[in-house]
Peer 1: 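Supplied in structure tokens, the structure appears directly below.
Counting starts at 1 for both ligands and their atoms, following the listed order.
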Amino acid sequence: MNVPFEKQGVILHINHVTMAFGGLVAVNDFENKIMKNELVGLIGPNGAGKTTVFNVITGIYYPTKGKVIFDGIDITPLKPYQITHLGIARTFQNIRLFSDLSVLDNVLVAQHHALDNRSVDRILRTHQKEGKVKGKAWFWRAVTKLGYMKKESEMKGAAYELLKKIGLQKFEQEKASSLPYGQQRKLEIARALATKPKLLLLDEPAAGMNPKESEELMDFIKYIRDEFDLTILLIEHDMKVVMGICERIVVMDYGSIIAEGTSEEIRTNKKVIEAYLGKEWEHAQ
Ligand SMILES: Nc1ncnc2c1ncn2[C@@H]1O[C@H](COP(=O)(O)OP(=O)(O)OP(=O)(O)O)[C@@H](O)[C@H]1O
């Protein structure tokens with residue numbers, strides 16, 4: 001009997017995905033299944049196709065071939081915001097915070113997809129359709145506005161709780177740009193968490209960090225996986241981080257998967273050493 005993947009605990013199935021840009025095949029028949037709560041590393045040389053895999057998963061690119069199944073749903077044709085709503089969040093290689101906004105407001109903006117002024121109008125329209133607002137539009141507008149304000153204050157509370165969980169609450173009112181680099185990276189992750197994801201994609205979270213910051217990041221990633229019941233897929237060039245925290249590592253080169261396994265298996269894999277880790281790495285082992 002064929003048991004559906006999501007019943008086997010598979011949260012994400014990247015099903016034979018190919019992504020070509022004209023004649024350039026950035027991702028070539030990528031096939032992989034990620035289990036719920038797994039922490040998986042995606043590594044490989046520059047230009048191997050790692051970020052393109054993220055862009056296909058998050059709906060930025062529609063693949064040339066193949067599909068992406070998330071939690072039993074074919075998300076291939078969906079728009080990025082729809083994919084976010086289903087529970088996939090990501091961070092980017094270069095930090096993309098609203099640098100002039102406060103730390104709290106950066107998290108609030110991410111939550112905001114659940115609440116905007118259109119919500120007020122939507123509620124009002126529903127009341128109008130149901131004939132409840134005849135001649136009393138001003139009243140219903142005020143009522144919905146009050147509801148909006150209440151919701152906003154609840155969201156502020158939730159944003160603060162999130163900052164507390166990740167240890168950024170003391171910076172709540174600081175400008176995002178004034179945070180030390182490592183904390184800005186944390187805030188980016190907090191912003192992704194504000195959308196309540198089941199799957200978190202981290203694109204080079206340790207980029208630009210000093211050894212102490214990347215050491216802390218390793219603990220932090222493991223902590224959020226447990227605390228927020230996440231599955232995490234991360235791209236990273238810092239081998240200490242990847243080998244230190246990932247339960248499984250997938251290695252790409254020229255768009256294809258060339259190896260897959262535990263850090264023990266990957267660190268001594270001849271193909272991986274040749275394509276990516278290098279001879280110096282081999283001698284240092
Ligand atoms: N929109 C695009 N149009 C054309 N080519 C693209 C596009 N996006 C990516 N590519 C190409 O696809 C290949 C894979 O790029 P990608 O960014 O996925 O690699 P990567 O493994 O993430 O590299 P890095 O580690 O440097 O971030 C590269 O040759 C890149 O130039």
Peer 1: Under the side-chain hydrogen bond (donor to acceptor under 3.5 Å, both in side chains) definition, can you give me all pairs with a residue in residues 242-255, not counting sequence neighbours?
Peer 2: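 Counting only pairs at least two positions apart or across chains, the side-chain hydrogen bond (donor to acceptor under 3.5 Å, both in side chains) contacts touching residues 242-255 are Asn32-Arg248, Glu38-Arg248, Arg225-Glu247, Arg248-Glu260.
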
Peer 1: So for Phe54, does at least one of its heavy atoms come nearer than 4.0 angstrom to any atom of ligand 1?
Peer 2: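 In this structure, Phe54 fails to qualify as a contact of ligand 1 - no heavy atom is under 4.0 Å.
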
Peer 1: Which residue and non-hydrogen atom of the protein lie closest to atom 16 (P) of ligand 1, and at what distance in Å?
Peer 2: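 Ranked first by proximity to atom 16 (P) of ligand 1 is Thr52 OG1, 3.6 Å.
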
Peer 1: Look at ligand 1 and say whether Gly44 reaches it with a heavy atom at a distance under 4.0 Å.
Peer 2: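 Under 4.0 Å: no for Gly44.
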
Peer 1: Looking only at heavy atoms of Met19, does any of them come nearer than 4.0 Å to an atom of ligand 1?
Peer 2: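 The answer is no: ligand 1 sits nowhere under 4.0 Å from a heavy atom of Met19.
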
Peer 1: As a test of understanding, state which of Thr84, Asn55, Thr195 forms a side-chain hydrogen bond (donor to acceptor under 3.5 Å, both in side chains) with Arg90.
Peer 2: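 Output: one option passes, namely Asn55.
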
Peer 1: Hey, mind stepping through Lys165 and Glu161 against salt bridge (charged side-chain N to carboxylate O under 4.0 Å, His left out) and telling me if it holds?
Peer 2: CA-CA 6 Å; Lys165 276 191 180 165; Glu161 280 309 307; over 6 Å; no

Peer 1: Mind checking what makes salt bridge (charged side-chain N to carboxylate O under 4.0 Å, His left out) contact with Asp229, not counting sequence neighbours?
Peer 2: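 For Asp229, the residues satisfying salt bridge (charged side-chain N to carboxylate O under 4.0 Å, His left out) (neighbours in sequence not counted) are Lys36.
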
Peer 1: Tell me whether Gly47 has any N or O atom under 3.5 angstrom from an N or O of ligand 1.
Peer 2: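 Yes; at least one N/O pair falls below 3.5 Å.
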
Peer 1: Quick test: of every protein heavy atom, which one is nearest to atom 31 (O) of ligand 1, and how far off is it to 0.1 Å?
Peer 2: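 The answer is Leu24 CD2, 5.0 Å.
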
Peer 1: At what distance is the nearest protein heavy atom to atom 26 (O) of ligand 1, and which residue and atom is it?
Peer 2: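 Heavy-atom neighbour on the protein nearest atom 26 (O) of ligand 1: Asn46 OD1, 3.2 Å.
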
Peer 1: Looking at ligand 1, does Gln93 have a heavy atom less than 4.0 Å from it?
Peer 2: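 So Gln93 counts as touching ligand 1.
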
Peer 1: Regarding ligand 1, does Ala26 bring an N or O atom to under 3.5 Å of one of the ligand's N or O atoms?
Peer 2: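 No; every N/O pair is 3.5 Å or more apart.
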
